[in-house]
Amino acid sequence: MNAFAGIHAVAQMTVGDQYRDTGWVGIAVTFVVASFILINIYRARGGRELFIRRIAGLNAIDEAIGRATEMGRPVLMVPGLSTTINAIAVQAVNIFAYVSRIAARFANPILLCCYNAAVYTYAQETIRDVYQQEGLADRYDTDSVRFVSDRQFAFAAGVSGLILREQTAATFFLGEFYAESLIFAETANSIGSIQVASSTETTQTPFFIAACDYVLIGDEFYAASAYLTRKPILVGSLVGQDWSKLLILLIIVIGSLVNTFQIQGTTEWERKDGEWTKIETRPKKISDTTMSAIFKPQAPEVTIDRPKKPTPAPTPSEGGN
Amino acid sequence: MLLAQVAVERGFWSEAPNSPALWTKLSICLIIGLAVMVGLMFVPVRARRPIIGMCTFIAGLYWVLLYVWPKPIDRQPDEAPLNAVEGVAIWLEESNKFVVSFTQILTALLLGLGIFSLLTIHLGKIRRRHPDALFSGVLLASMLLMITFGYWDYNQRQGEAGALLDNPANWTFVQYSRDFLFQGFLQEMDAAMFSIIAFYILSAAYRAFRLRSVEATILLAAALLVLVSLMGAVSSAWDTQVRAIANGNPFVLNFQLSEISMWIRNTFQTSSIRGIQFGVGIGALAMGLRIWLGLERTGGQD
Amino acid sequence: MPGLGAKLQAMPKQIIYLVLITVTTIPLFFDVAVPNEPLEATQDYYATLEQLPEGSRVLMASDWTGSTRGESKGAFRSTLNILIRRKAKIAFYSTADPQAPRVAQDAINELNAERRRANLPEFKRWEDWISLGYFPDSEAANNGIANDLQGAFSGRKDFPPGAPPRDVFQSPVLEGITKVGQIPLLLIVTASKTSNFTVERIKPDRKTGYPKLLFAVTGVMVPETQVFYQSKQIAGYCGGLKGVYDLEQLMENGINFPSKKEAVVKSDKYDVVPGYPSPSNKGQGTRYYPTLHFALALMILLVIVGNIGMALSKREARS
Amino acid sequence: MNYEQYILLRKTASVIATLGLYSVLYKENKFYRLFEHIFLGVAAGWTVVALWTETLKAAWWEKMVGTEAAAGSPATDGFFAYILLLPIGLMGYFVFTKKYNWMSRIPIGIILGLWSGQQVQIWWNTYGPQIDATLKPVVPTTWDSLIVPSTAGLAPEQLAKVQSQIYLSQAINNFLFVTTVVCVLSYFLFSFNAQNKSLQRANMLGRYLLMIGFGAIFGSTVMTRFTLLIDRMYFVWIEWFRDGILPLFTPR
């Protein structure tokens, strides 16, 4: 009955707290997912052609810039409201690097508004690189990448002011957006500028859908750079992500089927602190299933005595207490 | 004794406040740090990427180790490690309280760049006699005022009588100015800008919510249902009707507006959010891995 | 000359905005009582507060600022009123926004001003409440509180009346507290995701147990919070303006109070939870909730008009 | 000037500021521009203040140099190595130099590294429980009743029995729930050439189910947004106009 006796052997050691019972599963899965990603990056580097399906929102990017060029009006980009620089902001700025590269070629003015100084630093550096690689360093104006404010609604006021004054022809809102998403979207819409938007905050997506021309939903945002640049590393990683999603999909399908059948009938066993103990017969609960045993590790309590640390000598600054 | 519990044991890395030892070690560290910085200025181009990559990798390695390195079982704070493995684990755990603040501090130290950007842009406008120069002036002025009175007020609150300043009776013009700028402008303008969304949400709904496609129709229907259920007057009227019809029949009771909207939320909203989040989470993890291992050719570099 | 359909589809924004302003203004001048049934979540929220033993120590995260005062301030004020009546001793902290502690203190001062006017005893700093200030990085802060409360709050100071700041652990509020498990109730009034971080981090502890969690969240957060409430991770929540209105009604009427028969709010879940009828119960909820109806109605109306317009112009196009 | 008068003055300023920001709803104008810039200025100013008072002082400086024992509060030691963060931060400021701008990538790299490492650390803690919560049984455990019977006035043990069972209605909801998650997830598979009908259907279904979710989110968000507007209106018309201004003109 006690299927976990083997794993409890671990508990005899003094270390490995987080591995006890089924605690190791989580770490294992994380590593499987990581290896999926790395393996596929390796495959893609090997020059293997990997397929990516069409993503409508991303085809719109070129169109939007083209439009801006025709009208000779600036392209405005906002890499979200991350409170410090993180992968979301990096991803956004990477997409914007692609945008600015095209804009630079057509000598189209750009505006990149940052919410956070670290992101600003990164964007400044990145966009300058882009212009240098295009051999257009002279066209680059450091003020086109600017820090606006790091207070949410001051930022919103500032950016919508910019949109209205500069009459931007194309606007890109990619990254972490919260309530202010709609302020940007509607303001841009009111001057008829094309908007490509995406928020990693699911709760904001509906508002972008309502107000924007093109919306990237969920991790289409993370797929973007792979889709646009087709760099093997990115494409490979994207395939790895798909494998991982399939893995989760399988776990869900199989898991819920297993639960469905295991929960039928009654039981006289119950897990307490990781040990199966006998109880009087009762209808099975979801907590009696293998799946919940796997997902909810509950190691038994063990006491291990260690030598005490030497207590620190009282120091004058502590007044000797 | 409580104070004893608060006291930290002193090792190589910490010294008593204001002790000469502290200041010496501190300045030595600073000098080393600056020396390294200057040294970096002269590294050859090809060594740059590896250096950056190494910094990134080590920074990330800490968290990964903290996650996978076997943690000691049932260790009390006052117990010493039994073996090397435990030693590392404990070291990782104890350094945690320092590492968590690094991001915060570094980001804060970089803020100057943001302010610098603001200054260059607006001073530039003023110098160029840009039509909006006046507004740039206003911006810089209000910034200066906020800084002045912000710090002034803060310092006075640090002092002996700090608590007294909670009562406006004891305010001087410093508190009044701080309050005027902070409450009168910053807070209220925050609220004003936030509330503007209501207008936009209305016009967006009016423009976008058309029964054009199946998708639009579904979205609209769900939205309207939830909206109506939020109108207490309507929903309670509807629900009382339903309860009257049902008189106890649990099946009919499900048709109460509150039940229906809850059903939509629990069955479809939660699940679709979850579905998206799984994808987003893996996306973030993948991105994290690429950055950590230096596989992400960031930004402009091709 | 555009047809009616086209007109209905393209009403000038400015007009719509004007209508919205009038619709959200006029009802404010009249106080209308709206029939309402407190949600179960809010009932649990109120009951948990009411059943809190007198004089208990409470941790309260105040994670809202001026920008969401419309919803959060109402919840904050009502919750505080109940807690003061329960003679609770409260430690405030914020993990969301550097402004939050300031805003919370201003709100408390406001409340005290009201109490002075009603010559009720003041809600005293240091005696009844302390402010632990702002903790950057919500996840880390919640981790700290969960694993090592003393470490998390160490070095924080607050003001005894007219005296220089002292270590918060010497205040009557936190004296002798070392683990979060010693605190019976952890409240969060939030306008952001800090509540989620708390749920994820504050885990039950085999030895000390852990505090009950109560959330007062903005309407935006209701969907996410509902999930935790269903899985019984939190004791109850007060969501959005509806929640605030529910709460104010419960403060007035109680649950099954004075008795199951005469009660305004009936519930099988509870025996009798008293209410304390008083004009001071009427807060933002009572003031704003009726008006909300008109705004929502306007939105629904506009959506319908737009669709009629579309239908009409389709027909015009055909003919 | 007493406090009440000051408050009225402050509120008047706030009302003017609010109107200034609202005026953008009509069109971008100088009035809006003025208050936009005041807003940006005050916000930046506050950021600079909070930078020290809320972040660096407590999280960096006091940890680095320690704090003296004050009335009743113990001294804390200084961890001098914190100073090393200063040069690292300074490197960011090289971003504007032509020659050394690459160094600005070092602090950024460190922040990013920390973030990336944390992703690995928290991924399972965040999503594991969500996966577990998705494994819902899709077949009822009892056919006594097709839907959950009303629990009104049940004895505790009967109540427990009812709650432990899964009725047909719940099973259906669970099935819908699982299907939604699966379809939505499959919608986000990018690298599969969706030739086969079933996958395409799943994607389509996924997109429709997403829309239900988005609709519901939209609905529940609207309440907050309108409430905040109502709060503004209350502030302008009641707090300021009715209770603040009118009394000035009504003879006592």
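Treat the numbers as computed from the prediction; the structure is a model and nothing was measured. In what follows, every heavy atom counts, from backbone to side chain, and hydrogens, waters and symmetry copies are set aside. So you know, we letter chains A, B, ... as the sequences are listed, proteins then strands, and number each from 1.
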Who wins among A/Phe36, A/Phe147, A/Phe153 for the most heavy-atom pairs under 4.5 Å with chain B?
A/Phe153
Where on B/Leu109 is there a heavy atom nearer than 4.5 Å to chain A: the side chain, the backbone, both, or neither?
neither
Please look at A/Val148 and chain B and tell me whether the side chain, the backbone, both or neither of the residue comes under 4.5 angstrom of a heavy atom of that chain.
backbone
Top contributor to chain A interface from B/Ala192, B/Ala208, B/Ala80, B/Gly288 [non-hydrogen pairs under 4.5 Å]:
B/Ala80
Output the option from B/Ala191, B/Ser203, B/Gly112, B/Gly283 having the highest count of non-hydrogen pairs under 4.5 Å with chain A.
B/Gly283
Can you name the nearest heavy-atom pair linking B/Arg290 to A/Ser237, along with the distance?
NH1-OG, 2.6 Å
Chain B heavy atoms under 4.5 Å from A/Thr83: which part of the residue, side chain, backbone, both or neither?
backbone
Select one option (side chain, backbone, both, neither) describing which atoms of B/Ile276 are under 4.5 Å from chain A's heavy atoms.
side chain
Between chain A and each of B/Ile115, B/Leu118, B/Ile273, B/Leu106, count heavy-atom pairs under 4.5 Å; write down the option with the most.
B/Leu118
Cut-off 4.5 Å, heavy atoms of chain A, and the answer for B/Ala89 is neither
Return the CE to CG distance between B/Met287 and A/Asn94, rounded to the nearest 0.5 Å.
5.5 Å
When rounded to the nearest 0.5 angstrom, what is the spacing between CD1 in B/Ile282 and CG in A/Leu238?
11.5 Å
So, the part of A/Tyr131 with a heavy atom under 4.5 Å from chain B: the answer is neither
Please state whether the side chain, the backbone, both or neither of B/Gln104 comes within less than 4.5 Å of a heavy atom of chain A.
neither
Compare every heavy atom of B/Gly279 with every heavy atom of A/Asp219, then report the nearest pair and how far apart it is.
OD2-O, 3.4 Å
Nearest non-hydrogen partners of A/Asp17 and B/Pro72, listed with the distance
CB-O, 3.8 Å
Counting heavy-atom pairs under 4.5 angstrom with chain A, the leader among B/Leu289, B/Ile121, B/Leu111 is B/Ile121
Rounded distance [0.5 Å steps], CZ in B/Phe194 versus OH in A/Tyr178
12.5 Å
Whether A/Arg306 side chain and B/Asp74 backbone form a donor-acceptor pair below 3.5 Å
yes
Heaviest contributor of heavy-atom pairs below 4.5 Å to chain A, chosen from B/Leu285, B/Leu110, B/Val280, is B/Val280
Tell me, with the steps shown, if A/Phe207 and B/Ile197 meet side-chain contact (heavy atoms from CB on, under 4.5 Å).
CA-CA 11 Å; A/Phe207 301 101; B/Ile197 300 172; over 6 Å; no
From CE (B/Met193) to CD1 (A/Ile183), nearest 0.5 Å:
4.5 Å
side-chain contact (heavy atoms from CB on, under 4.5 Å) between A/Leu38 and B/Leu295, worked out
CA-CA 10 Å; A/Leu38 295 177; B/Leu295 295 168; 4.0 Å; yes
Heavy atoms, side chains only, cut-off 4.5 Å: are A/Arg165 and B/Asp132 in contact?
yes
Which answer fits A/Ile95, side chain, backbone, both or neither, if we ask what part of it has an atom under 4.5 Å from a heavy atom of chain B?
neither
With a 3.5 Å distance limit and no angle check, can you tell me whether A/Gln241 reaches the backbone of B/Ala284 through a side-chain donor-acceptor pair?
no
Where on A/Ile37 is there a heavy atom nearer than 4.5 Å to chain B: the side chain, the backbone, both, or neither?
side chain
Heavy-atom pairs under 4.5 Å with chain B: which of A/Leu182, A/Val33, A/Asp143 has the most?
A/Leu182
For the student: nearest non-hydrogen atoms of B/Thr107 and A/Ala118, plus distance
CG2-CB, 4.4 Å
Toward chain A, the part of B/Tyr67 with a non-hydrogen atom under 4.5 Å
both
Within this structure, what is the CZ-NZ distance for the pair A/Arg20 and B/Lys71, rounded to the nearest 0.5 Å?
13.0 Å
Closest heavy-atom pair and its distance - A/Ala211, B/Arg207
CA-NH2, 3.4 Å
Can you say whether A/Arg151 sits under 4.5 Å from chain B via the side chain, the backbone, both, or neither, judging by heavy atoms?
side chain
What part of A/Asp150 is in contact with chain B, defined as an atom under 4.5 angstrom from a non-hydrogen atom: side chain, backbone, both or neither?
side chain
Contacting moiety of B/Asn83, where chain A heavy atoms sit under 4.5 Å
side chain
Donor-acceptor contact present, side-chain A/Tyr19 to main-chain B/Val68, <3.5 Å:
yes
Which one wins on heavy-atom pair count under 4.5 Å against chain B: A/Asn86, A/Ile217, A/Asn189?
A/Asn189
Taking atom CD of B/Glu215 and atom CD1 of A/Ile209, what is their separation to the nearest 0.5 Å?
8.5 Å
Sub-4.5 Å side-chain heavy-atom contact between A/Thr14 and B/Ile73
no
